[in-house]
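Encoded as C-alpha cells, the structure appears first; notes follow it.
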Amino acid sequence: MPFGGTLDPENRWVLLSALMPWEELEETYAPQFSPTVGAPAKPVRLAFGALFIKQRLGLTDEEIVHQIRENAYIQFFLGFAGYSNKAPFDPSMMVHFRKRFSDDDLRRINELVVQRGKEMLLEAIVDDSDVDDSDGQGPGSGDQLSLDDLVKPADWPEGKNWGTLSVDASCTPADITYPTDLKLLNEARETTDRIIDDLCRQSRGFGGHRHRYDRGKARAHFLNVAKQKKPRRRKLKAAVRRQLSYLQRNLEAIDALIAAGARLSALKAHWWQKLLACSELHRQQTILINSDTRSIPHRLVNLVQRHVRPIVRGKARTAVEFGAKISVSVQNGFPFLHRISWDAYNEGDDLIAQAEKYKQDNGCYPERICADRIYINTKNRHYCKRKGIRLSGKRLGRPPKDPQINAAQKQQLSADQRRRNEVEGVFGSGKRKYSLKLIMARLIHGAETSISMAFLVMCAEKILRLLRLFIVLISAWLNSLLRHCGPWARSLNLLVSDASNLAVLT
C-alpha cells in the first residue's frame with residue numbers, strides 16, 4: 001500500500017475475494033490457450049475480476065482501467081501482489097475477456113458462488129454456536145440469522161419437497177434507437193451509397209454503373225415525413241415505398257459493379273456485414289409492403305446488431321422492447337439465469353425445466369412454485385400435481401362451500417403472490433443497479449456475458465449482505481453481554497473491540 005497503509009479486512013472487495021471460486025475459474029479459462037504458441041495470456045483472476053467490477057459498478061471499459069490503477073482494494077480483489085499505478089491492460093481487452101467466458105460457464109460459476117456462500121454462512125453459524133452463552137441467547141439463536149429458508153436442513157427427509165421457486169421472464173433492452181421501417185430503409189440507403197462509392201474508387205470505368213437519383217432529394221423525402229409527429233398512414237406508406245425503391249436501385253447498382261469486376265473483398269468486414277443486412281431488410285420490407293400482414297419472422301430492427309429482435313411485452317410504458325428475452329428463477333432467495341433468447345417465446349414452457357434444475361441443485365423438488373398467470377396452464381398444473389408441488393394461482397372449479405377453507409385458500413394465494421414479488425425485485429435491482437436496463441455490448445456474445453454476469457453479481461451481493469448481517473448481530477450480542485457482566489467488563493471490552501475481526505475469521 002502507498003503511504004504505509006494497510007487494507008481493511010471488512011472491505012467488500014476483500015470479502016468478495018474470499019467468495020469467488022478462483023480455482024474453478026482457472027480450470028475453465030486455461031484450456032483456451034496454448035502453453036507454447038502466442039503471448040502469455042492475462043490471468044483468469046484479472047479477466048473475470050474486471051468483468052465483475054464492470055458489472056457491479058456500471059463502468060465503461062476505459063473507466064475500469066482507471067479504477068484498477070487508483071483503487072488498492074480492487075487490485076487486491078484482482079490478485080495483485082502489491083499496489084501498482086500502471087495500467088494492467090488496454091481497455092480493448094475487455095472485448096476479449098467477454099468472449100472467453102460463455103453463458104454456460106458463467107451460470108456454473110454462479111452456482112459455485114452461491115454454494116460457497118452458503119458454506120460460509122453455515123460455518124459462521126456453527127462457529128457462533130460455540131460462543132453462545134449459557135441461556136442460549138447468542139446471535140445465532142435469533143430469527144434474523146435463520147438459514148432454513150436459504151439452505152436445506154441436513155436432517156430433511158429424502159424425497160420430501162422443500163423450498164420455494166419463483167419464476168418469471170423479462171426483456172433486457174439493447175442500446176439501439178427505436179426502429180421504424182422508414183428510418184431503417186433510409187439508413188440502408190445511406191449505407192449502400194457508401195458501399196457504391198467505395199466500389200467505384202477501385203477503377204475509373206466503374207462510375208458508369210452508379211445510380212441515377214439525387215441523394216439530397218432522397219434525404220429530403222425522408223425528413224419530410226420523419227419530422228412529422230403523427231404522419232398519416234397513406235403518406236407514411238408512400239414514403240416507405242419511395243425509400244424502398246431507392247434501396248433497390250442501389251442493390252442493383254452493386255450487382256452491376258460486381259459483374260463489371262468490382263471486388264467486395266476490398267470492403268471492410270463491417271460494411272460487408274451491413275450490406276448483407278441491407279439485402280435482408282429489402283426482402284423483408286418488400287414482403288411487408290405488398291401484403292396485409294405487419295409481422296415477419298426474424299425481423300431486422302438494426303443493421304449493426306442484427307441479432308436483436310422485437311419482444312412484445314404489453315407493459316404500460318413500452319408495449320414492445322428490443323433486446324434479449326430472459327427467463328429467471330429465484331431459488332430460495334438466490335436468483336439464477338435460466339435462459340437467454342433473442343427471439344420471442346412463451347415463458348410458460350420453461351417451468352418444467354426450471355423445476356427439474358431445482359431438483360438437480362437441491363436433491364428434491366420445491367414445495368411451491370410462485371409464478372405469473374402465463375405459467376399456470378394445464379400442462380404445468382398436471383406436472384406440479386404429479387410431483388407434489390403447489391403451484392401458485394387460483395384453483396380450478398368452484399370455490400369450496402366451507403368459509404374457513406375458502407378463507408385459508410385465499411390467504412395462501414395472497415402469500416404466494418407476495419412471495420412472487422422477489423423475482424420482480426430481482427428485475428428491478430438488476431435494471432437499476434447492474435446495467436440490465438440497457439445492454440451496451442454490441443456483439444451477441446458480449447451481450448450474453450453482460451446479462452449472465454449481472455445475475456452472478458446479484459448473488460454475490462446477497463451473500464455479502466448476509467455476512468454483514470452476521471457481523472452486525474454478533475457485535476450487538478457482545479455489546480448486550482458486556483452491559484450485563486460487571487465483574488468481567490474489562491475482559492469483555494477486548495472482545496467487543498475485536499468483534500468484527502472475529503466475524504471475518506469465522
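Scope of the values below: all heavy atoms of this structure, side chains included, with no hydrogens, waters or symmetry mates. Predicted model only: the values in this text are computed from it and were never measured.
- Remark: the backbone N or O of Tyr178 is paired with a side-chain donor or acceptor of Lys183 at under 3.5 angstrom.
- Of all heavy-atom pairs between Leu288 and Thr293, the closest is CD2-O, 3.8 Å.
- Each of Thr286, Asn290, Leu185 was checked for a side-chain contact (heavy atoms from CB on, under 4.5 Å) with Arg241, and the lone residue meeting it is Asn290.
- Between Phe455 and Tyr434, a ring centre-to-centre spacing not shorter than 6.0 Å is recorded.
- The closest side-chain heavy-atom distance from Ile463 to Lys118 is not below 4.5 Å.
- With values rounded to the nearest 0.5 angstrom, Ser450 atom OG is found 6.0 Å from Ile439 atom CD1.
- Remark: side-chain polar atoms of Gln75 are paired, donor with acceptor, to backbone N or O of Ser84 under 3.5 angstrom.
- Going from atom CG of Leu112 over to atom CD of Glu24 covers 5.5 Å, rounded to the nearest 0.5 Å.
- When each of Asn332, Val167, Ile389, Ile369 is paired with Tyr358, the side-chain contact (heavy atoms from CB on, under 4.5 Å) condition holds for Asn332 and for no other.
- For the atom pair His221 NE2 and Gln243 CD, the distance stands at 9.0 Å (nearest 0.5 Å).
- Heavy-atom neighbours of Trp272 CH2 from other residues, nucleotides or ligands within 6.0 Å: at or below the threshold of 12.
- Of the possible donor and acceptor atoms, none in the side chain of Asn362 sits under 3.5 Å from a partner among the backbone N and O of Cys364.
- Separation of atoms OH (Tyr246) and CG (Asp214) is listed at 8.5 Å; rounding is to 0.5 Å.
- Side-chain atoms of Arg108 and Thr28 include a donor-acceptor pair closer than 3.5 Å.
- Side-chain contact annotation: Ser102 with Asp104, donor-acceptor N/O pair under 3.5 Å absent.
- Side-chain contact between Glu23 and Glu26 is absent, with no heavy atoms from C-beta onward closer than 4.5 Å.
- Taken to the nearest 0.5 Å, the CG atom of Asn380 stands 9.5 Å off from the OH atom of Tyr375.
- For Arg419, the CZ atom counts as densely surrounded, since its 6.0 Å shell holds more than 12 non-hydrogen atoms of other residues, nucleotides or ligands.
- The two residues Leu78 and Ala50 come nearest to each other via the heavy atoms CD2-N, 3.8 Å.
- A donor-acceptor contact shorter than 3.5 Å is absent between the side chain of Lys431 and the backbone of Leu436.
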Exercise. Evaluate salt bridge (Lys or Arg N to Asp or Glu O under 4.0 Å) for Glu111 paired with Lys357, printing each intermediate quantity in order.
Key: CA-CA 11 Å; Glu111 296 173 0; Lys357 185 64 171 61; 2.5 Å; yes
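- Thr164 places a side-chain heavy atom less than 4.5 Å from the side chain of Cys370.
- Checked by atom type, the side-chain pair Glu280/Gln284 shows a donor-acceptor distance below 3.5 Å.
- With a 6.0 Å radius and a threshold of 12 heavy atoms from other residues, nucleotides or ligands, Lys379 has its NZ atom at or below the threshold.
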Exercise. Apply salt bridge (Lys or Arg N to Asp or Glu O under 4.0 Å) to Glu347 and Arg339, showing your working.
Key: CA-CA 10 Å; Glu347 58 265 29; Arg339 179 181 179 183; over 6 Å; no
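- Considering only heavy atoms from C-beta on, His298 comes within 4.5 Å of Arg309 through its side chain.
- The closest donor-acceptor contact from the side chain of Ser17 to the backbone of Val14 lies under 3.5 Å.
- Residues Asn110 and Leu337 form no side-chain contact, since every pair of their non-hydrogen atoms from C-beta on lies 4.5 Å or further apart.
- The main-chain N or O of Met20 is found under 3.5 Å from a side-chain atom of Arg116 such that the two form a donor-acceptor pair.
- A salt bridge links Arg189 and Asp193; the closest N-O separation between the charged side-chain nitrogens and carboxylate oxygens is under 4.0 Å.
- A heavy-atom distance below 4.5 Å is not found between the side chains of Lys217 and Arg242.
- Each of Ile195, Leu264, Thr192 was checked for a side-chain contact (heavy atoms from CB on, under 4.5 Å) with Trp271, and the lone residue meeting it is Ile195.
- One finds the CD atom of Glu356 at 9.0 Å from the CD atom of Gln360 (value rounded to the nearest 0.5 Å).
- For the pair Phe322 and Thr177, the minimum side-chain heavy-atom distance is 4.5 Å or more.
- A salt bridge is defined here as a Lys NZ or Arg NE, NH1 or NH2 lying under 4.0 Å from an Asp or Glu carboxylate O, and Arg201 with Asp198 meets this definition.
- A salt bridge is absent between Arg100 and Asp105: the closest approach of a Lys/Arg side-chain nitrogen to an acidic carboxylate oxygen does not fall below 4.0 angstrom.
- Ser435 and Gln55 make their closest contact through CB-NE2, 3.8 Å (heavy atoms, listed as atom of the first residue, atom of the second, distance).
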Quiz item: Thr378 and His382: side chain to side chain contact (heavy atoms under 4.5 Å, CB included), yes or no, with the steps?
Solution: CA-CA 6 Å; Thr378 304; His382 292 339; 3.4 Å; yes
Practice problem: With side chain to side chain contact (heavy atoms under 4.5 Å, CB included) as the test, would you mind laying out the steps for Phe80 and Leu46 before giving the verdict? | Solution: CA-CA 9 Å; Phe80 283 46; Leu46 179 62; 4.1 Å; yes
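- For the residue pair Ser329/Gln354, the side-chain donor-acceptor check at 3.5 Å is not satisfied.
- The environment of CZ in Arg299 is crowded: more than 12 heavy-atom neighbours from other residues, nucleotides or ligands sit within 6.0 Å.
- Gln228 places a side-chain N or O within 3.5 Å of a backbone atom of Asn224 that can act as its donor or acceptor partner.
- Under 3.5 Å, the side chains of Asn377 and Tyr383 contain no donor-acceptor pair of N or O atoms.
- A donor and an acceptor atom, one from each side chain of Ser327 and Asp350, are located under 3.5 Å apart.
- Under 4.0 Å is where a charged nitrogen must lie from a carboxylate oxygen, and between Glu190 and Arg219 at least one such pair does.
- Side chains of Glu448 and Trp342: a donor on one and an acceptor on the other come within 3.5 Å.
- Contact between Val65 and Ala87 at its shortest, heavy atoms only, is CG1-CB, 3.7 Å.
- Partner of Phe97 under the ring-ring contact (aromatic ring centres under 6.0 Å, His included) criterion, chosen from Phe48, Phe89, Tyr29: Phe89.
- Here the shortest heavy-atom pairing between Leu106 and Leu456 reads O-CD1, 3.8 Å.
- Look at Arg98 and Asp61 and you find a salt bridge, because one of the NZ, NE, NH1 or NH2 atoms lies within 4.0 Å of a carboxylate O, short of that distance.
- Looking at every heavy atom in both residues, Arg420 comes nearest to Asp372 through CD-N, 3.8 Å.
- Under a 3.5 Å cut-off, the side chain of Lys325 and the backbone N or O of Tyr345 do form a donor-acceptor pair.
- Contact check for Gln273 versus Arg306: side-chain heavy atoms found under the 4.5 Å cut-off.
- In this structure, Arg294 pairs ionically with Asp181, as a charged nitrogen and a carboxylate oxygen lie closer than 4.0 Å.
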